[in-house]
Amino acid sequence: MASRLEFVEFVADELRRAGEITYRKMFGEYGLYCDGKLFAVICDDQLYIKITESGRNLCPELSEAPPYEGAKNYFLIEDVEEGERLTKLVEVTCKELPMPKPKKPKAPKQPKIPKEPKISKQPAFDFKKEYKEFYLPGKKPELVTVPAMNFIAVRGFGDPNEEGGAYKEAISLLYGIAFTIKMSKMGDHRIEGYFDYVVPPLEGLWWQEGIKGIDYAHKEKFQWISMIRLPDFVTKEEFSWAVTEAETKKGVDYSKVEFFTYEEGLCVQCMHVGPYDNEPETIALMDQFAKERGYVPDFENGRYHHELYLSDVRRCKPENLKTVIRHPVQKI
């Protein structure tokens with residue numbers, strides 16, 4: 001039985017934090033690549049990862065089996081939903097694997113008679129592309145009115161850079177629910193109105209008691225709501241199903257996760273490019289832009305400093321990080 005493309009896409013999504021994950025058909029099945037290195041194969045909807053010494057040290061309990069008759073043993077991955085654990089395994093595995101040898105240039109082929117174009121698969125709905133006014137603003141400040149949206153959310157406080165802290169735990173919980181909903185199409189549960197989509201970027205609302213705006217010198221005083229947007233077809237009832245499903249499958253407590261509705265209203269926003277600690281420079285431009293048009297920041301009644309993270313901080317140089325900064329405003 002050949003592997004389903006949906007399963008391959010799911011595995012690629014689960015491992016996306018290890019690097020640039022791609023896949024390619026191989027003898028009717030699929031090979032998985034991380035930053036160009038072949039590190040795993042998928043056969044009969046089963047994931048097999050190449051065995052390395054580093055992998056054995058990290059996951060000594062993994063069983064080993066050949067993916068097909070006559071093949072050497074690979075790690076047999078029985079639970080592909082352990083995204084964080086598998087990501088670490090892929091990272092250490094790929095560090096030990098050699099770079100692929102460059103291919104020899106092929107002789108030029110004779111031109112072929114063009115075939116009838118194939119009808120391509122409908123691409124997954126991408127919120128960033130469909131709602132560019134909210135996710136891809138320019139590098140100059142602009143005004144925007146943001147309607148009510150529903151989110152997966154986790155509340156907390158403290159320095160987001162603390163290793164093993166509450167913020168990093170919150171991100172793991174958010175993605176656990178986000179991918180349970182996204183990949184519900186592979187199970188028996190059917191969500192009414194479901195359509196395939198790209199999980200939207202991570203977002204965060206930030207504030208500190210007694211301070212209007214943000215004091216970057218005292219990150220330990222941060223209070224935050226970390227969140228990921230939900231498609232409109234996800235009701236509170238379907239959200240509750242996803243929490244129960246994730247707890248059952250992953251054995252993780254998701255009680256901190258909530259269905260959160262947030263209507264931001266009138267804001268000034270701007271694309272910030274660079275380290276997070278340099279955000280005050282962009283915020284100063286936003287404040288000046290708003291003032292010139294008769295507006296001032298309005299951090300009252302549940303309105304907060306808002307950030308949308310478009311870059312993977314682990315794989316992007318600090319000077320290239322892209323973050324949408326959004327501040328609520330009101331007329332002077």
Side-chain angles (χ1 to χ4, degrees), residues 126-160 167 200-232 258-311 313 316 318-332:
D126 191 333
F127 287 86
K128 296 191 299 297
K129 294 179 181 178
E130 299 296 331
Y131 297 104
K132 293 181 180 180
E133 66 272 30
F134 301 135
Y135 296 98
L136 297 172
K139 296 179 183 179
K140 294 182 179 180
E142 60 186 34
L143 290 170
V144 63
T145 300
V146 187
M149 301 178 188
N150 296 327
F151 297 86
I152 313 164
V154 176
R155 300 171 187 262
F157 62 89
D159 189 338
Y167 183 73
L202 179 70
E203 305 183 33
L205 304 175
W206 301 85
W207 71 97
Q208 293 154 312
E209 289 298 329
I211 298 175
K212 290 186 177 182
I214 292 293
D215 179 2
Y216 289 81
H218 294 283
K219 297 178 182 177
E220 74 281 358
K221 296 182 179 180
F222 273 142
Q223 298 193 53
W224 40 262
I225 302 175
S226 189
M227 54 197 196
I228 296 175
R229 184 177 178 177
L230 287 167
D232 290 341
E258 64 179 277
F259 184 96
F260 176 62
T261 301
Y262 187 56
E263 184 171 2
E264 211 158 4
L266 183 63
C267 300
V268 60
Q269 68 179 11
C270 187
M271 180 71 76
H272 171 75
V273 180
Y276 301 131
D277 287 343
N278 290 356
E279 287 183 2
E281 300 170 9
T282 300
I283 292 172
L285 295 175
M286 293 165 57
D287 289 345
Q288 182 63 31
F289 171 88
K291 182 178 179 181
E292 290 172 354
R293 285 154 182 79
Y295 296 93
V296 291
D298 178 24
F299 296 107
E300 302 291 342
N301 301 317
R303 306 185 81 194
Y304 306 110
H305 172 92
H306 188 174
E307 297 183 0
L308 296 82
Y309 308 104
L310 305 184
S311 304
V313 68
C316 184
E319 62 268 24
N320 295 330
L321 289 171
K322 291 185 178 180
T323 308
V324 179
I325 302 176
R326 191 179 292 158
H327 277 185
V329 294
Q330 65 175 352
K331 269 289 186 181
I332 295 175

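- Results of the ring pair (Phe, Tyr, Trp, His ring centres under 6.0 Å) test with F222 over F157, W206, Y167, Y304 single out W206 as the only residue that passes.
- No donor-acceptor pair closer than 3.5 Å links the side chain of T323 to the backbone N or O of L308.
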| field | Verdict with supporting geometry, H305 and H327, ring-ring contact (aromatic ring centres under 6.0 Å, His included) | value | CA-CA 5 Å; H305 172 92; H327 277 185; 4.8 Å; yes

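- Note that the CD1 atom of I283 and the OH atom of Y216 stand 3.5 Å from one another [nearest 0.5 Å].
- Atom CD of E203 is separated from atom CG of L205 by 8.0 Å, given to the nearest 0.5 angstrom.
- Note that CG of L230 and CD1 of I152 are 4.5 Å apart. Values are rounded to the nearest 0.5 Å.
- For the pair Q223/E209, a side-chain contact is recorded, criterion being any heavy-atom separation below 4.5 Å from C-beta on.
- Between W224 and R155 the shortest side-chain heavy-atom distance does not fall below 4.5 Å.
- Note that SG of C316 is 10.5 Å distant from CG of L310, once rounded to the nearest 0.5 Å.
- Taking the side chain as every heavy atom from C-beta outward, H306 and M227 approach each other to under 4.5 Å.
- With salt bridges taken as basic N to acidic carboxylate O contacts below 4.0 Å, none links E307 and R326.
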Only distances under 3.5 Å count here; give the side-chain donor-acceptor pairs of residues 131-148 to other protein atoms, sequence neighbours excluded, each with its distance to 0.1 Å.
| from | atom 1 | to | atom 2 | distance (Å) |
| --- | --- | --- | --- | --- |
| Y135 | OH | R229 | NH1 | 3.2 |
| E142 | OE2 | Q269 | NE2 | 3.0 |

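- If you take NZ on K291 and CD1 on I332, they are separated by 7.5 Å, rounding to the nearest 0.5 Å.
- Every pair passing ring pair (Phe, Tyr, Trp, His ring centres under 6.0 Å) that includes a residue from residues 260-279 is listed here, sequence neighbours excluded: F260-Y262, Y276-Y309.
- The number of heavy-atom neighbours closer than 6.0 Å to CG of N320, taken from other residues, nucleotides and ligands shown, is above 12.
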Can you give me every donor-acceptor pair (side chain of residues 292-299, partner residue at least two apart or in another chain, under 3.5 Å) with its distance?
| from | atom 1 | to | atom 2 | distance (Å) |
| --- | --- | --- | --- | --- |
| E292 | OE2 | Q288 | NE2 | 3.1 |
| R293 | NH1 | F289 | O | 3.1 |
| D298 | OD2 | R303 | NH1 | 2.8 |

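- To the nearest 0.5 Å, atom CD1 of residue I325 and atom OG1 of residue T282 are 5.0 Å apart.
- Across every non-hydrogen atom of K128 and P201, the tightest pair is CG-CD, 4.0 Å.
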